Amino acid sequence: MRYNRKLVFICEGSDCKKAGSKKIRKELKEAATEGSLKGHCKFFQTKCMDMCKSAPVVIVENHFCKNADTKMIMEQIKKA
Ligand code: FES
């Protein structure tokens, strides 16, 4: 059996927070409670990942998303 849950790491450091990472996390969590993603995503908050110039930073599986927005992350989750 294949483990099918996608891991998403959202930076919650100060620069990413200022750039809207909290809002992204909230929107992603809402989106992941319905449709095909329901039960297939696990979200983690992280401390600063030392890439503050590209804030907000989100990691989906093994892919770094710089200057992330909700739409970009959703596409990446579906691809991963
Ligand atoms: S605050 Fe997110 S990378 Fe530094």
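Counting from 1, the numbers follow the sequence of the chain as shown. Just so it is clear, the model here is predicted, and its values are computed rather than measured. In listed order, ligands and their atoms are each counted from 1.
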Visitor: List the steps, then state whether side chain to side chain contact (heavy atoms under 4.5 Å, CB included) holds for Ile10 with Leu28.
Guide: CA-CA 10 Å; Ile10 303 162; Leu28 287 175; 4.1 Å; yes
Visitor: Which N, O or S atoms belonging to the protein are less than 2.8 Å from atom 4 (Fe) of ligand 1?
Guide: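 Counting only protein N, O or S atoms under 2.8 Å from atom 4 (Fe) of ligand 1, the list reads Cys48 SG, Cys52 SG.
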Visitor: Hey, is Glu75 close enough to Lys79 for a salt bridge, meaning N to O under 4.0 Å?
Guide: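 Not counted as a salt bridge, because no side-chain N and carboxylate O are separated by less than 4.0 Å.
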Visitor: Quick one: does Ser21's side chain have a donor or acceptor within less than 3.5 Å of a partner on Cys11's backbone?
Guide: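 Side chain of Ser21 to backbone of Cys11: a pair is present.
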Visitor: Any side-chain heavy-atom pair from Glu61 and Leu7 closer than 4.5 angstrom?
Guide: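 In contact.
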Visitor: Closest approach of Met74 and Leu37, non-hydrogen atoms and distance?
Guide: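 Smallest interatomic distance, heavy atoms only, reads CE-CD1, 3.2 Å.
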Visitor: Please check if the side chain of Lys6 supplies one atom and the backbone of Ile77 the other of a donor-acceptor pair under 3.5 Å.
Guide: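 Yes, Lys6 side chain to Ile77 backbone: donor-acceptor pair under 3.5 Å.
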